[in-house]
A.B. asks: 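Before anything else, here's the structure in question.
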Amino acid sequence: MNKSDNPQWDIVIESPGRINIIGEHIDYNDGFVLPTAIDKKITFRIRKNGENDKCFFRSKDFNTDFTFYLSDVKVSDKSWENYILGVVYEIQQLTDKLQGFDCEITSTIPVGSGVSSSAALECGLAFALNELFSLGIDKLEIVKLSQRAEHNFVGTKCGIMDQFASVMSKSGNVVLLDCQTLDYEHIPINIEPYTFLLLNTNVSHDLATGEYNTRRQQCEEGLDIIQRQFPEIKSFRDVNNDILKESKGNMSAVVYNRCKHVIDETQRVHKAVDALKNNKMNALGEYLYESHEGLSKLYEVSCKELDFLVDFTKSCNEVTGARMMGGGFGGCTINLIKTSDIPAFTNKVSTAYFNKFGIQLTAFEANPGNGTVRL
């Protein structure tokens, strides 16, 4: 496929980014999370190219492409390519039916904003290949193989929330996901006159990937210490703050703080579900602020830009609650705000942010939407 080609595509797929209302950094700790897909997505146009081995992939937004061969799928030194190669590799472990294909993507997901463009890329490609070659892979396996791709080729030991939300979401709902069993429930979300507004810091600190994996190791260390004293404990869902306090003397202050965030955040997820079901927006806002405090002070995955944006909202009557969202060290804050107040608030916070950091803020609404779908 040449760049000048104007091909006829066999299949078009849309795969969304996601927001996570609450439940941050606990998916890989067997906790509960509350995400949903949003109306920002990657569009995949894909076709069989008649080759047995040769594949071509292009990102129109970044005006970049690469060619690879099914007989030689291996980790690339270009990090973005590994999201593609990892998915192809994981599918090859399940079936030998893949053949040469051409794929082109466009995206409305702000990259680096913490709304998981990576999961949308993985799941969308897996979904597209499944449709194109009639592989018979079910949605849950698409979720799992996309997570494995990120583990094995990208090197980020992510939980399963992002991929699950990207595939399994339903418009007008959020997903209460049990990350241990993968049981889930669609919770209707009727928050009018409120909206979720994302504020993108437009910064991404280099700590992100390495520190993410470090946090996971610290939680594993903490759970291991707890289990030595309480052998009946199977995962963090069996741990409460009383049990954690009894193990405090055997762990470092850092590990203790990581564990405390996981326990507290898991409890907040269930409180947030109750708030949504009973239209208690003020309570939901309080849980968002509490979540940010844990992520910033106990889990230490925030940064000065994120903290500034959350602290700024506390003196703004327009915002009911806010927190950092995603892996951390940059990306977005999620803000619960009355829709009618968005223009005035956005102007005010953008000015304050630029005056503080000299960086233009990006604001966008995130409306719950459907998961990955064939058009």
Side-chain angles (χ1 to χ4, degrees), residues 1-15 17 41-107 109 111-112 116-158 160 162-163 166-167 209 213 372-375:
M1 176 177 170
N2 297 318
K3 291 184 179 181
S4 59
D5 283 350
N6 184 22
Q8 295 297 310
W9 301 104
D10 295 338
I11 287 174
V12 179
I13 301 291
E14 284 186 343
S15 189
K41 56 198 69 176
I42 299 176
T43 301
F44 296 75
R45 295 173 175 86
I46 194 167
R47 68 171 186 177
K48 297 177 181 178
N49 62 18
E51 304 272 356
N52 288 326
D53 198 32
K54 187 177 181 179
C55 302
F56 178 86
F57 193 95
R58 175 196 291 164
S59 169
K60 287 191 71 175
D61 300 292
F62 291 96
N63 192 28
T64 186
D65 56 58
F66 74 108
T67 298
F68 64 95
Y69 296 87
L70 294 174
S71 59
D72 188 31
V73 177
K74 58 188 178 184
V75 174
S76 169
D77 58 2
K78 296 180 180 178
S79 59
W80 80 272
E81 295 180 0
N82 287 320
Y83 294 98
I84 310 306
L85 297 168
V87 167
V88 171
Y89 175 84
E90 295 300 336
I91 290 178
Q92 287 179 318
Q93 308 314 299
L94 302 175
T95 178
D96 60 1
K97 292 182 180 179
L98 284 185
Q99 295 180 334
F101 65 88
D102 299 329
C103 184
E104 182 178 87
I105 64 168
T106 55
S107 178
I109 301 175
V111 176
S116 204
S117 57
S118 57
L121 183 57
E122 295 153 355
C123 295
L125 180 61
F127 199 100
L129 293 173
N130 187 47
E131 293 284 315
L132 185 64
F133 294 106
S134 301
L135 302 179
I137 302 173
D138 65 32
K139 284 187 174 183
L140 186 55
E141 187 55 44
I142 286 175
V143 170
K144 292 177 178 178
L145 76 86
S146 297
Q147 181 197 30
R148 293 196 298 270
E150 190 148 343
H151 285 196
N152 297 330
F153 267 60
V154 180
T156 301
K157 301 299 183 183
C158 62
I160 204 163
D162 294 350
Q163 292 82 6
S166 189
V167 173
T209 299
N213 292 339
T372 305
V373 65
R374 178 176 177 174
L375 299 183

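Residue numbers run from 1 in the order of the sequence given.
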A.B. asks: Is the backbone N or O of Lys157 less than 3.5 Å from a side-chain atom of Asn213, with the two atoms forming a donor-acceptor pair by type?
C.D. replies: yes

A.B. asks: Check whether Asn82 reaches the backbone of Gly155 with its side chain - one donor and one acceptor, N or O, closer than 3.5 Å.
C.D. replies: no

A.B. asks: Is there side-chain contact between Val75 and Leu85, with heavy atoms separated by less than 4.5 Å?
C.D. replies: no

A.B. asks: Which of these, Gln147, Arg148, Glu122, sits in a side chain to side chain donor-acceptor pair (under 3.5 Å) with Gln163?
C.D. replies: Glu122

A.B. asks: Do the non-hydrogen side-chain atoms of Trp9 and Asp102 ever get within less than 4.5 Å of each other?
C.D. replies: yes

A.B. asks: So, Ser15 side chain and Ala120 main chain: donor-acceptor pair closer than 3.5 Å or not?
C.D. replies: yes

A.B. asks: Less than 4.5 Å apart, any side-chain heavy atom of Leu135 and any of Leu98?
C.D. replies: yes

A.B. asks: Step by step, work out the side chain to side chain contact (heavy atoms under 4.5 Å, CB included) result for Ile13 and Leu125.
C.D. replies: CA-CA 8 Å; Ile13 301 291; Leu125 180 61; over 6 Å; no

A.B. asks: Which residue, Ser116, Ser118, Ser146, Ser117, forms the side chain to side chain donor-acceptor pair (under 3.5 Å) with Asp162?
C.D. replies: Ser116

A.B. asks: Report yes if some heavy atom in the side chain of Leu121 is under 4.5 Å from a heavy atom in the side chain of Phe44; otherwise report no.
C.D. replies: yes

A.B. asks: Phe68 vs Phe101 aromatic rings, parallel, tilted or perpendicular, using cut-offs 30° and 60°?
C.D. replies: perpendicular

A.B. asks: Please check this pair: side chain of Asp53 against backbone of Leu70, looking for a donor-acceptor N/O pair closer than 3.5 Å.
C.D. replies: yes

A.B. asks: Given 3.5 Å as the limit, does a donor-acceptor pair link the side chain of Asp10 with the main chain of Leu132, or not?
C.D. replies: no

A.B. asks: Measure the CG-CD1 distance between Asn130 and Ile11 for me, rounded to the nearest 0.5 Å.
C.D. replies: 9.0 Å

A.B. asks: Could you verify whether a donor N or O on one side chain and an acceptor N or O on the other, from Ser107 and Asp61, lie under 3.5 Å apart?
C.D. replies: no

A.B. asks: Is there a side-chain hydrogen bond (donor to acceptor under 3.5 Å, both in side chains) between Ser76 and Glu81 once you walk through the steps?
C.D. replies: CA-CA 6 Å; Ser76 169; Glu81 295 180 0; 2.8 Å; yes

A.B. asks: For residues Trp80 and Thr64, determine if any side-chain heavy atom of one lies less than 4.5 Å from a side-chain heavy atom of the other.
C.D. replies: yes

A.B. asks: Strictly below 4.0 Å, N to O, side chains only: are Arg47 and Glu104 in salt-bridge contact?
C.D. replies: no

A.B. asks: Classify the ring geometry between Phe66 and Phe57 as parallel (under 30°), tilted (30 to 60°) or perpendicular (over 60°).
C.D. replies: tilted

